[in-house]
Amino acid sequence: ARGGAVFSGYWNLPEKTAQALDSGGWFHTGDLGFFDVGRELHLTGRISSLIVTEGGEKIQPEDLEAVYAECPGIREIGLLQWNGKLVALVVPDGAAEAAGIEIRGALQSIYRGLPSYQRLSRVVMTLEPLERTALGKIRRHRLLSRYAQWVQKGEERSQEAFTEADLVLLNEPVAKRAWEYFGERYPNRALTLGMSLGADLGVDSMEWLELTLEFRQRLDTDLSEGAIARIETLRDLLRELVSAGRAVSTASWWEDPESVLAENQRCWLNPQGLLLRGTARILYEIERFVVRRRFRLRVEGAEHLPESEAVVFVPNHLSYLDPPVLAAALGYRRMRETYWGGWTGVMTTHWWNRALSRLAQVVPIDPDNALISSVAFGAAALRLRKNLVWFPEGGVSRSGQLQAFKPGVGLLLEHSQMLAVPVAIAGTELALPPGRWWPLREAVSVKFGTPVGRGELESQGNGRTVSERIADGLRQRVSALQKESG
């Protein structure tokens, strides 16, 4: 900001003034925001309070606190980051012990509507009000010191006693071995059966994938995604493991990906018959003609694409127009050898969406709530030696900026020998902005990058695990392509 309304500096604080006011007279406010396609500025929060997760996702705590504040039993809540995890200090209504049970139960229903990176790894109850400024804002630095004091005191060590029913449950061989495994996995935690896997242990969709594979190998037991959806506490998990059947196969999701899919899920991978292929060809030619004429499609880098080798296409995601634009750029011959990862929230909402998805060889992907079957779908397509299109951001970017990549694509490339092709799509956010249903006449473009292997991506990317480093390496490649294409 600059102008007569902007102050001239901080009183007797020249260093702080120099940080805030540059030589041109511009005041750097410390606010975050973005311009939409209509060039209107949206303010989203403050740089100083921004939380960046291990996966690179950005969280404005005030916005997420407003969501969690709707939870029954919460009087105040303050979010912060501790050891890379999202945690919270909660001031409950009433006694902390009684309210804590109610709050942790209510949080599970809130988690179902949130992406995994916005879910709390741990909740700490405190009866002391959160410290605030004169304007009512939470003093963020005080949250961190209070949480550190709580950790030092070791108040997380619960003294919950086992009930008679719990002892019977732990006598079951499968439950006993699972309980021992969790003791190995969390050696510095005093585990209780009432602990929430999400709120207390920080188990997200990626960790559920790891746990499921461990249960197959150690316990010869399968947990369906339906069972996972019912699990809130460690007690629930042990009960589901006891009642679950033996694993159909001890192979991993990569060695036998279809074994983790239900019968109604496998149908998405069935080859198309003659009638479906003919219908798909007609619709594709119409769609390709419309895209090239109405949106003046420009394609760059097509010479990089292998003629016969299957690859994973990894594009950015700006609009629901992206898939038809990319399909038009690929051409029909390559399209027939390609499966698409499609978000379940769109492809299964209506019968016509399901029909079009079947014609376009789309497989259902839910990166936040069904990562196991989502990755299995992708792995099954790759094992058929088909191309795969995977939108790794997990959703359309509302600001137009490239978002953090979900690690699912990293998992696929980690366990396969497939090359990845980064793709930069541009112009679709103007032709069909989020919230608009009829497209405008705007030019669009698709730029293909050079195919790259997992080893090079892993060495280039950042992250805690191999899959995270591969995903981040791909994000860097797509970002570089966007800059090249302008």
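Put simply, the side chain of Ser479 never gets that close to the backbone of Arg475: no donor and acceptor are under 3.5 Å apart. In terms of modelled atom types and a separation under 3.5 Å, the side chain of Glu393 and the main chain of His317 share a donor-acceptor contact. Under a 3.5 Å cut-off, the side chain of Asp236 and the backbone N or O of Thr233 do form a donor-acceptor pair.
How far CZ of Arg469 is from CZ of Arg454: 9.5 Å, rounded to the nearest 0.5 Å. Note that CG of Leu238 is 11.0 Å distant from OG of Ser243, once rounded to the nearest 0.5 Å. A distance of 6.0 Å separates CD in Gln476 from CG in Asn462, rounded to the nearest 0.5 Å. In this structure, the separation between CG on Leu193 and CZ on Arg239 is 8.5 Å, given to the nearest 0.5 Å. Rounding to the nearest 0.5 angstrom, the gap separating the CG atom in Leu330 from the CG atom in Leu305 is 7.0 Å.
The neighbour count for Arg385 CZ, taken as heavy atoms of other residues, nucleotides or ligands under 6.0 Å away, does not exceed 12. Heavy atoms from other residues, nucleotides or ligands lying under 6.0 Å from CD of Glu184 number more than 12.
Val90 is not listed as a side-chain neighbour of Tyr68, based on a closest heavy-atom distance of 4.5 Å or more. In this structure, Phe391 and Pro323 have side chains that are in contact, with non-hydrogen atoms separated by less than 4.5 Å. Looking only at side-chain heavy atoms (C-beta outward), Arg230 and Glu240 come within less than 4.5 Å of each other.
Listed here is the closest heavy atom pair of Val123 and Leu120: CG2-CD1, 3.7 Å. Taking every heavy atom of both residues into account, Pro422 and Val478 meet most closely at CB-CG2, 3.8 Å. In terms of heavy atoms, Leu197 sits closest to Leu234 at CD1-N, 3.9 Å.
For the side-chain hydrogen bond (donor to acceptor under 3.5 Å, both in side chains) test, no residue two or more places apart in sequence or in another chain qualifies with Thr279. Partners of Thr428 by side-chain hydrogen bond (donor to acceptor under 3.5 Å, both in side chains), not counting sequence neighbours, listed by chain and number: Asp322.
There is a side-chain donor-acceptor pair under 3.5 Å between Arg477 and Gln460. No hydrogens or angles considered: nothing links the side chains of Arg140 and Ser48 as a donor-acceptor pair under 3.5 Å. Using modelled atom types, one finds a donor on one side chain and an acceptor on the other under 3.5 Å when comparing Arg185 with Tyr181. Side chains of Arg46 and Ser49: no donor on one and acceptor on the other come within 3.5 Å.
Side-chain rings of Tyr147 and Trp150 approach one another, their centers coming within less than 6.0 Å.
Ring geometry, Tyr284 versus Tyr332: the interplanar angle falls from 30° to 60°, so the pair is classed tilted.
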